[in-house]
Every structure is written in C-alpha cells, then in structure tokens.
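Computation of the quantities below employed the complete heavy-atom set of this structure, encompassing side-chain atoms and omitting hydrogens, waters and symmetry-equivalent molecules. Just so it is clear: chains get the letters A, B, ... in the order the sequence lines come, proteins before strands, and each one is counted from 1.
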2 protein chains.
Amino acid sequence: MLYRHNSDELDNTLLALADPTRREILAHLSRGEARVTEVASHFPISLNAVSKHIRLLERGRLIQRRIQGRDHFLCLRPVAIVAIQEWLTHQQHFWQVNLAAIADLLDAGIPPSPHTSKRKKS
Amino acid sequence: MLYRHNSDELDNTLLALADPTRREILAHLSRGEARVTEVASHFPISLNAVSKHIRLLERGRLIQRRIQGRDHFLCLRPVAIVAIQEWLTHQQHFWQVNLAAIADLLDAGIPPSPHTSKRKKS
DNA sequence: ATTATATTCATCCAAAAGGTTGAATATATG
DNA sequence: CATATATTCAACCTTTTGGATGAATATAAT
C-alpha cells in the first residue's frame, strides 16, 4: 500500500470489524457503555490484549472513549457503520445487476454455465 | 484467536474488504468478469501481488474463478455481501437505539457532553 | 503515606499481510 | 517441436496483528 493512502478510513473500519473478539466487544457495548476492565472480563485473553483491540476499534471510528479519573468509559460510535453501509449499498447496485442478469438467464431456460452462476449449490 | 475459530467466514469476508486494492478489484469485476492479467493491468503492483489479493477475495467468498485453459476468469459472488449486510443490520438495531437516545438528550436541550451517553452508568 | 485499582507503555514472540523477484506449470500458437 | 502467454508456487523482506508478560502511570481508597 505504498502507492495508495487514501480510503484509509474505510480500511480501518473494516479491519477493526474483521475480528471476532472485536465484534464481540461491540456487541457488549451495544448494551451500554462500559469500562475497559468490564469489557475485558468477558474474554479469556489478557487485559492488555483487550486494550489493544479497543485501540483498533477506536482507529476504526467504531467506539469512543471518555476518560473519567482512572476509568475509561467506552461507547459505540455508529458513524462508521453508516459509511460501510453506504459503500455496500453502492457496490450492491452493481452486484444486483449481476444477480439480475443471472436470474434472467435462468428464467430463459439457459443452463447455468460454470461461471456466471454457481447459484445455490443447494 | 486461539480460543475462537468460529465466525471465520465473516472474518475472511471483512478482512478481504479491508484493503483498497481489493475493493478496486471488486469494482472492476462489477463491470463484468475478467481474467487475472486484465485485472492486474490496472494496478501499479506486480501480477503476483494481484494474484495474492485475488486469493484473499476468494477466501472471503467475494469472487469466484472459472478456469478455462490457461485463463482464469473471475467474477463477483454477491453472497458474502448479503451476510455482511445482515450482520450490520442486526448490529444497527442496537446502534440506532443508541443514536435515538442521543437525539433525545439533544432534543431536551442537554448540551452534548464529550461521551454522548449519560445513560445509566449506575 | 501506603496500598490497591485501572489503564497504558514497552518488549517479546509467532503468524499473517502485502510487496518483491525468480522459477515452475500449464496451455496456446508459430 | 519451440516459443510465448497466463497463472501460480516458492522464497524472501518488512510491517502489522494478536497474544503474552512485566513495568510505568495515574487515580482512588484506607
């Protein structure tokens, strides 16, 4: 990625989501704000490991931190999710065109060639 | 991630999306299927690098490959996108509750405190 | 003032990502 | 056959992840 350092925001958001522990942290925070130690207590990994996950979630703009004394309260920050959904919706425009084309072929009785559709191996 | 190896599918899909080159590859494929070399010609990196990106996109179930002679034709595979959107929608249910709470506070004239949520920290 | 709690920082490690180059493997084409 | 093309495989390098542990820092409580 030496030749491209725009779109970092979406990168960071998607990367932060691409880990089951971090998604679980988000799920916990969806039930209300919590301190770092509270969050960490639900995971079999070290507090420090959770602290690192939280940093990545912040980098992805998925959570935010409010420091009060020695406690760091975390809460969700839904802005980034909207950005992802916008991107997905934009992509899906093309993808659904693709899907529609496949459906048309099937509808016309053309046998599904190995590429255009593997459609439900069901 | 020694303690958790379920949910790998979503992991692989999101990780595959968390790179601008790979998202550009998807954008190219959204305009129709293409061979590996055709895709690679649009990027300033080596063919091998693109080949690796393609492997990650396959692992994320975002594209599929049809081999015809020496040519490998790639096309989009929208299934995974649906999985992501389902996950996002499920999450957003909670997140929008959170947003609604913030909106309520603002509506009541409470100044936006840095943490955006003074809901029961009991 | 001392101790306990909450959190990060620093370091280390193994594995993976993202890139390179060079070789191998098919498959077309002359 | 010989050669060119399409693609992957195999190393290698550097940076980042995801984990661990131990030390540092800041704040709270006794």
Side-chain angles (χ1 to χ4, degrees), chain A residues 1-8 10-26 28-29 33-60 62-75 115, chain B residues 1-8 10-26 29 33-60 62-75 115 121:
Chain A
M1 225 153 324
L2 302 115
Y3 61 95
R4 172 140 227 203
H5 33 76
N6 37 337
S7 80
D8 286 340
L10 191 51
D11 287 4
N12 288 337
T13 302
L14 289 167
L15 186 64
L17 288 173
D19 179 276
T21 300
R22 286 194 290 267
R23 289 196 303 274
E24 271 192 66
I25 292 174
L26 293 177
H28 274 291
L29 293 179
E33 70 176 9
R35 289 176 303 111
V36 173
T37 308
E38 288 169 359
V39 170
S41 69
H42 298 101
F43 297 94
I45 59 178
S46 73
L47 172 66
N48 284 9
V50 173
S51 178
K52 278 199 201 177
H53 281 303
I54 288 170
R55 203 193 320 143
L56 290 188
L57 286 168
E58 282 185 297
R59 196 183 66 182
L62 287 161
I63 67 176
Q64 76 186 64
R65 181 191 306 253
R66 167 179 57 103
I67 299 175
Q68 193 175 44
R70 61 182 173 178
D71 296 318
H72 294 210
F73 288 93
L74 309 169
C75 66
H115 58 304
Chain B
M1 225 156 327
L2 300 117
Y3 61 96
R4 175 139 225 206
H5 31 75
N6 37 339
S7 80
D8 286 340
L10 192 52
D11 289 4
N12 288 336
T13 302
L14 288 166
L15 186 65
L17 287 174
D19 178 277
T21 300
R22 287 194 288 270
R23 290 196 302 276
E24 272 192 64
I25 291 174
L26 293 177
L29 293 178
E33 71 176 8
R35 290 176 302 110
V36 174
T37 308
E38 287 169 359
V39 170
S41 69
H42 298 101
F43 298 93
I45 60 178
S46 73
L47 172 65
N48 284 9
V50 173
S51 179
K52 279 199 203 175
H53 280 303
I54 288 170
R55 202 193 320 142
L56 290 187
L57 286 168
E58 282 185 296
R59 195 181 70 181
L62 288 161
I63 66 175
Q64 76 186 63
R65 181 191 306 251
R66 166 181 58 102
I67 299 176
Q68 193 177 43
R70 62 183 172 178
D71 294 319
H72 293 211
F73 288 93
L74 311 168
C75 65
H115 56 287
K121 64 179 67 161

Are any protein N/O atoms closer than 3.5 Å to N/O atoms in nucleotides 12-17 of chain C? If there are, list each pair with its distance.
unit_1: C:dA17; atom_1: OP1; unit_2: B:Arg59; atom_2: NH1; d: 3.2
unit_1: C:dA17; atom_1: OP1; unit_2: B:Arg59; atom_2: NH2; d: 2.8

message: Between P on C:dA6 and CD on A:Glu38, what's the gap in Å once rounded to a whole number?
response: 9 Å
task: Let me know the distance between CZ of B:Phe43 and C1' of C:dT20, rounded to the nearest Å.
output: 18 Å
message: Run A:Asp19 and B:Asp11 through side chain to side chain contact (heavy atoms under 4.5 Å, CB included) and show every step you take.
response: CA-CA 6 Å; A:Asp19 179 276; B:Asp11 289 4; 5.7 Å; no
field: From CA spacing to verdict: side chain to side chain contact (heavy atoms under 4.5 Å, CB included), B:His53, B:Val39
entry: CA-CA 11 Å; B:His53 280 303; B:Val39 170; over 6 Å; no
message: Going by ring-ring contact (aromatic ring centres under 6.0 Å, His included), name the residues that satisfy it together with A:His28, two or more places apart in sequence or in a different chain.
response: A:His42, A:Phe43
field: Nucleotide D:dT17, atom P - distance to CG of B:Leu14 in whole Å
entry: 15 Å
field: Interatomic distance where CG belongs to A:Asp8 and P belongs to C:dG18 [whole Å]
entry: 13 Å
field: Atom pair distance, as rounded to whole Å: CG in B:Leu74 and C1' in D:dT7
entry: 11 Å
- request: Grab the CZ-C1' distance between A:Arg35 and D:dA26 for me, whole Å please.
  value: 15 Å
- prompt: Starting at CG of B:Leu47 and ending at C1' of D:dA4, how long is that distance when rounded to a whole Å?
  reply: 15 Å
query: Can you give one letter per nucleotide of nucleotides 21-30 of chain C, 5' to 3': B if a protein heavy atom sits under 4.0 Å from the base, S if only from the sugar-phosphate, - if neither?
result: BB----BS--
- request: Indicate, with a heavy-atom threshold strictly under 4.0 Å, whether B:Arg55 touches base, sugar-phosphate, or nothing.
  value: nothing
query: Which one of B:Leu62, B:Val50, B:Leu74 satisfies the side-chain contact (heavy atoms from CB on, under 4.5 Å) criterion with B:Ile25?
result: B:Val50
task: Scan for salt bridge (charged side-chain N to carboxylate O under 4.0 Å, His left out) pairs involving residues 47-57 of chain A, sequence neighbours excluded, and state none if there are none.
output: none
statement: So salt bridge (charged side-chain N to carboxylate O under 4.0 Å, His left out) across residues 38-49 of chain A, not counting sequence neighbours, yields A:Arg35-A:Glu38
message: So which atom in A:Ile45 and which in A:Ala49 form the shortest heavy-atom distance, rounded to 0.1 Å?
response: CD1-CB, 3.7 Å
Length of the line joining B:His72:NE2 and D:dC9:C1', which is rounded to integer Å: 13 Å
field: For B:Arg59, side-chain contact (heavy atoms from CB on, under 4.5 Å) partners two or more places apart
entry: B:Asn12, B:Leu15, B:Leu56
- line: Looking only at heavy atoms, the pair that brings B:Gly60 and B:Ala16 closest together is CA-CB, 4.4 Å
